[in-house]
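Working notes, beginning with the structure itself.
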Amino acid sequence: MKKAIFRKNAISWKKVISCTVASLALATAFASGARALTLEEAKKQGYIRVATANEVPYGFMKEDGTAAGIGPEVAIAVLKTLGIAEINWTVTPFGTLIPGLKARRWDFVAAEQNISPERCKQVSFSEPNSSYGEGLLVKKGNPKKFTTYADVAKDPGLKVAVVSGANNIDFLRAVGVKDDQVVFIKANADALATVQSRADAYAATELTVFNLAKGREDVEQVSPFADPVVNGKPVRNYGGFSFRPEDKELRDAFNEALVAFRKTDAYRQILKTYGLSEESITAAQSVNVAELCAGK
């Protein structure tokens, strides 16, 4: 009897597993063949879903629940010119921005992600919206005397923190930092405690480090700091908005409005408010997305 019961239950579980696999396959097929979102459809539904990471000054939520930062504030202004005033914001860890976009949890990302060839294989970027260099956050006094990312590689006992999914890890690896020297954290908000406890430094963009160190007495931004040199040239990031490749019409409409908005004083004021220099604002418009996706 026990043997018969076991075989009956086994057959039932096989049916359950088969149904589950079939359901997952159907869901995957549906997602991959999902209809593209157009600007007109977004306007018709009356809102659009946008994600950002909780990273000052690139994108974050204020205490009153409003979105702020370089990416969100430019996105709000551009969408307004396109006739979309209502935005449903999602704040998510940086490493989940692209996976969530591909899974259609939001319609595009406003987090000033660096436009890189690797990311261009997964998403469709707008023209650059910002430009910025690299930086290191360290304990007050810079006890390890860091001046650049390559200094971490000189001593295998040193540890450097980096946000999961951020491209800073690529720059660290390029100058010789080993993976066992890297401490991954979820967001730059975790950097302060990490530098005080389990890492000698935190690698991020210059603006991220500047804002984390501002007004604090326990940490500081490494200065002077030399940007890492990769493939013979100093690294500079170019942040943009990312869309799903199939949403080409939406991305193109947004992109056209963004390029027009970049010519206004309102655009420059947003970027200056968050610490970007005239040089960085100009640099953001000195290259195009096609060149960046090609690694030029």
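All values derive from a computational prediction rather than experimental measurement.
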Salt bridge (charged side-chain N to carboxylate O under 4.0 Å, His left out): which pairs involve residues 109-130, sequence neighbours left out?
->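 Every salt bridge (charged side-chain N to carboxylate O under 4.0 Å, His left out) pair that includes a residue of residues 109-130, provided the two are not neighbours, is Glu118-Lys121.
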Enumerate the residue pairs fulfilling salt bridge (charged side-chain N to carboxylate O under 4.0 Å, His left out) with a member in residues 36-57, sequence neighbours excluded, ordered by first and then second residue.
->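 As it turns out, the salt bridge (charged side-chain N to carboxylate O under 4.0 Å, His left out) pairs with a partner in residues 36-57, which skip direct neighbours, are Arg35-Glu41, Glu40-Lys43, Arg49-Asp107.
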Go through Glu278 and Arg268 one step at a time and tell me if the salt bridge (Lys or Arg N to Asp or Glu O under 4.0 Å) criterion holds.
-> CA-CA 8 Å; Glu278 279 289 347; Arg268 304 181 83 84; 2.5 Å; yes
Excluding sequence neighbours, so at least two apart, what forms side-chain contact (heavy atoms from CB on, under 4.5 Å) with Glu220?
->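 Here the qualifying residues are Val138, Lys140, Asn142.
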Please check if any side-chain donor atom of Ser116 sits under 3.5 Å from a side-chain acceptor atom of Asn114, or the reverse.
->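 There is no such pair (donor and acceptor under 3.5 Å, judged by atom type) between the side chains of Ser116 and Asn114.
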Identify whether Leu82 and Trp106 are in the same connected component of the hydrophobic contact network (ILVMFWY, side-chain heavy atoms under 4.5 Å).
->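 The answer is no; the residues belong to distinct hydrophobic clusters.
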List the steps, then state whether side chain to side chain contact (heavy atoms under 4.5 Å, CB included) holds for Leu258 with Asn129.
-> CA-CA 8 Å; Leu258 170 63; Asn129 183 52; 3.7 Å; yes
Of the options Asp190, Val183, Leu137, Leu136, which is the one that meets Val195 in a side chain to side chain contact (heavy atoms under 4.5 Å, CB included)?
->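 Only match with Val195 under side chain to side chain contact (heavy atoms under 4.5 Å, CB included): Leu137.
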side-chain hydrogen bond (donor to acceptor under 3.5 Å, both in side chains): which pairs involve residues 255-266, sequence neighbours left out?
->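 Matches after skipping sequence neighbours: none remain.
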Could you list all the side-chain hydrogen bond (donor to acceptor under 3.5 Å, both in side chains) pairs where at least one residue sits in residues 69-84, not counting sequence neighbours?
->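 Matches after skipping sequence neighbours: Glu73-Tyr274.
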With sequence neighbours excluded, give me every ring-ring contact (aromatic ring centres under 6.0 Å, His included) pair touching residues 113-169.
->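 Every pair satisfying ring-ring contact (aromatic ring centres under 6.0 Å, His included) with a residue in residues 113-169: Tyr58-Tyr132, Tyr149-Phe225.
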Can we say Asp180 and Lys178 salt-bridge, meaning some charged N sits less than 4.0 Å from an Asp/Glu carboxylate O?
->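 A salt bridge is absent here (no side-chain N lies under 4.0 Å from a carboxylate O).
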Which is it for Asp64 and Lys62 under the salt bridge (Lys or Arg N to Asp or Glu O under 4.0 Å) test, yes or no, and what are the steps along the way?
-> CA-CA 5 Å; Asp64 62 3; Lys62 294 181 179 179; 5.7 Å; no
Phe254 and Phe108 aromatic ring geometry - parallel, tilted or perpendicular at 30°/60° bounds =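 Geometry flag for Phe254 against Phe108: tilted rings.
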